[in-house]
Amino acid sequence: MMLEAPQRFESYGAVTIYDLVKVLELDASNRRSFHGIVTIDDEVFNDIAANTAIIVPIKDEELFTLEGVISAIPHGSLVIIVSASSREPVDRYRHELDLAKIIHQTTRRGILVLHQKDQAWIEALADTPLELMLEGESVRSGKGEGMLLGVIAAAALGYRYVGFIDSDNYVPGAVHEYARIYYAGFHLLETEYPMVRIKWPFKGKLASSDMYLRRRGRVSRITNRILNTALSRIRKVETDIIKTGNSGEHALSVKLALSIKWASGYAVEPYQLVYLLEECFIKAGKGECPSLPHHVKILQAEARNPHIHAEKGDEHINSMIAKSLGTIYYSSLADDRVKAEIMETLEQYSTGLKPVPPRIYDPRGIDPVKVFSSFMAASNESILYEEG
Ligand code: GDP
Ligand code: CO
């Protein structure tokens with residue numbers, strides 16, 4: 001792979017955010033890097049892939065799409081499917097388990113499949129810092145919750161990095177590119193606290209025949225604008241550095257993942273930025289910045305493949321906007337002007353829409369091995385297929 005070298009950056013306290021870099025060639029193994037350009041060799045990819053678990057959250061998506069996603073994740077990385085799919089009237093999770101089994105039997109790749117609503121989480125998470133994730137018979141619903149369970153599994157199994165890839169990606173080629181961008185980012189950032197966030201060049205939905213390729217998602221366009229306004233007002237220097245506010249496709253080290261707080265549901269992606277900026281920039285040395293004295297480094301990379309996924313209608317979009325902007329509204333990044341801009345934006349989108357305060361989980365101090373082994377011991381419906 002050949003990428004523009006990450007060079008231009010802005011620093012906010014101990015958070016370094018690189019300006020967007022583009023993928024220049026999908027395959028440029030064993031070619032020389034030169035000024036402004038970096039190439040990453042297959043040996044590097046293979047090495048990092050073996051240390052990375054790719055977490056795929058899924059909730060009632062089509063099975064053929066999931067199959068395409070798994071087929072595109074490099075063989076060396078463990079796939080962790082965290083499902084919140086329905087069990088009745090049709091047991092969709094059973095189908096996901098069966099699919100994983102068939103894939104493992106044919107390809108011998110490593111796959112872990114677990115369900116977010118498994119009752120085995122109750123004992124595993126009780127009396128831990130993540131007890132707040134429990135509700136009723138199991139873990140609360142939400143994408144952020146599912147992602148965090150995946151992180152715990154990856155940590156327990158000894159992985160150094162995790163990357164997230166949505167299960168509703170219709171284009172396997174895009175998934176393959178995302179994974180390789182993660183590996184490239186970890187290699188280039190050379191830090192224990194890396195984060196890689198992907199911006200797709202175009203996005204489209206497949207549900208209807210009139211496919212339209214948008215340059216930016218309807219939610220990320222808004223989240224990016226408000227985050228940039230907030231940063232500009234704090235520093236009194238205008239910036240448009242944030243280009244991946246809602247990046248579902250992102251990756252980070254397990255060490256970083258377990259030392260930051262997480263937000264529930266769809267607030268998860270913007271909250272990572274909000275949390276790091278609050279703790280490592282606004283609060284200066286007085287916050288909980290995990291990386292000190294080092295920087296958290298955030299690489300934003302633009303993929304070549306368009307992001308074609310299942311788009312889920314206006315109600316879904318509106319609720320995502322309210323949750324995304326809620327992470328900023330209820331943070332110390334927002335002054336009165338930013339709060340007013342958030343309210344105006346929500347009003348424009350849908351009358352009566354209000355910023356939603358994020359529900360926050362703090363995994364710090366958790367013992368992943370203990371939680372995960374307790375979970376696996378009590379679960380009847382999770383399965384770990386090891387590679388080979
Ligand atoms: P969008 O692409 O940002 O509009 O959001 P999606 O609705 O496509 O969700 C992103 C991914 O998260 C998809 O793969 C969903 O199947 C998955 N997902 C959504 N909600 C949940 C949840 O509550 N738990 C889990 N484990 N996955 C979820
Ligand atoms: Co989607």
Side-chain angles (χ1 to χ4, degrees), residues 53-61 80-85 114-118 121 124-125 128-136 138-155 161-169 195-198 217 219-220 223 227 244-254 256-279 288 290 298 309 312 316-331 355-366 368 371-372 375:
I54 301 289
I55 298 169
V56 181
I58 182 164
K59 187 176 182 185
D60 297 334
E61 305 292 350
I80 300 182
I81 297 172
V82 185
S83 177
S85 297
L114 42 86
H115 202 276
Q116 188 168 335
K117 296 284 176 185
D118 194 320
W121 288 117
L125 290 174
T128 76
L130 290 178
E131 194 168 22
L132 271 178
M133 283 178 50
L134 297 173
E135 179 195 53
S138 189
V139 170
R140 295 176 70 96
S141 298
K143 187 187 177 207
E145 284 82 348
M147 288 164 59
L148 193 44
L149 296 178
V151 170
I152 291 167
Y161 303 112
V162 286
F164 300 97
I165 295 186
D166 287 353
S167 57
D168 66 336
N169 273 293
M195 182 181 283
V196 183
R197 301 174 75 93
I198 290 177
V219 186
S220 32
T223 308
L227 270 174
T244 55
N246 286 87
S247 176
E249 265 68 36
H250 66 277
L252 69 176
S253 65
V254 168
L256 180 57
L258 290 178
S259 56
I260 58 175
K261 292 184 183 166
W262 289 68
S264 61
Y266 292 111
V268 58
E269 284 100 6
Y271 184 72
Q272 291 169 340
L273 296 177
V274 169
Y275 176 80
L276 288 170
L277 288 165
E278 278 197 290
E279 300 302 327
E288 306 167 337
I298 302 177
H309 72 143
K312 285 156 191 158
H316 171 71
I317 297 282
N318 288 348
S319 131
M320 266 179 95
I321 295 172
K323 286 173 185 156
S324 296
L325 297 189
T327 63
I328 310 170
Y329 188 93
Y330 292 101
S331 81
V356 178
R359 197 183 156 80
I360 305 296
Y361 304 115
D362 184 357
R364 291 172 305 165
I366 196 116
V371 171
F372 184 65
F375 169 76

Report the C-alpha separation of Leu130 and Val139 in whole Å, then their side-chain angles, then the decisive distance to 0.1 Å, and conclude whether the side-chain contact (heavy atoms from CB on, under 4.5 Å) test is met. CA-CA 10 Å; Leu130 290 178; Val139 170; over 6 Å; no
Check whether any side-chain heavy atom of [X] lies under 4.5 Å from a side-chain heavy atom of [Y], and answer yes or no.
| X | Y | value |
| --- | --- | --- |
| Ile366 | Leu258 | yes |
| Glu131 | Leu125 | no |
| Ile260 | Trp262 | yes |
| Leu252 | Ile298 | no |

Minimum heavy-atom separation for [X] and [Y], please, with both atom names.
| X | Y | value |
| --- | --- | --- |
| Ile55 | Val82 | CG2-CG2, 4.0 Å |
| Pro363 | Ala257 | CG-O, 4.0 Å |
| Ala267 | Pro270 | O-CD, 3.4 Å |

If we count only N and O atoms by modelled type, under 3.5 Å, do the side chains of Arg197 and Gln272 hold a donor and an acceptor together?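 Yes, a side-chain donor-acceptor pair sits under 3.5 Å.
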Classify the side-chain pair Ser141/Lys59 by whether it contains a donor and acceptor separated by less than 3.5 Å.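 Distance-only check fails for Ser141 and Lys59.
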Test side-chain hydrogen bond (donor to acceptor under 3.5 Å, both in side chains) applied to Asn169 and His309, Glu249, Glu61, the passing residue: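 So, applying the side-chain hydrogen bond (donor to acceptor under 3.5 Å, both in side chains) to Asn169 and each of His309, Glu249, Glu61, only Glu249 qualifies.
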Main chain of His115, side chain of Asp118: is a donor-acceptor contact present, judged purely on distance under 3.5 Å?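 No, the answer is negative, given that no donor and acceptor are paired below the 3.5 Å cut-off.
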Any donor-acceptor N/O pair, Ser253 side chain to Leu256 backbone, under 3.5 Å: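 Side chain of Ser253 to backbone of Leu256: a pair is present.
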So, taking the atom named CE in Met320 and the one named CG in Asn318, what distance separates them when rounded to the nearest 0.5 Å?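 Taking CE in Met320 and CG in Asn318, the distance rounds to 11.5 Å.
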Mind checking the CD-CG spacing from Glu145 to Leu132? Nearest 0.5 Å is all I need.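 Answer for the CD-CG pair, Glu145 versus Leu132, is 10.5 Å.
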Does a side-chain N-to-carboxylate-O contact under 4.0 Å join Glu269 and Lys143?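 Yes, this pair counts.
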Pair Trp121 and Phe375, ring centroids less than 6.0 Å apart: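 Between Trp121 and Phe375, the centre distance is under 6.0 Å.
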Residues two or more places apart in sequence or in another chain: which of them pass side chain to side chain contact (heavy atoms under 4.5 Å, CB included) with Glu279?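 Checked Glu279 against side chain to side chain contact (heavy atoms under 4.5 Å, CB included); matches are Tyr275, Lys283, Glu288.
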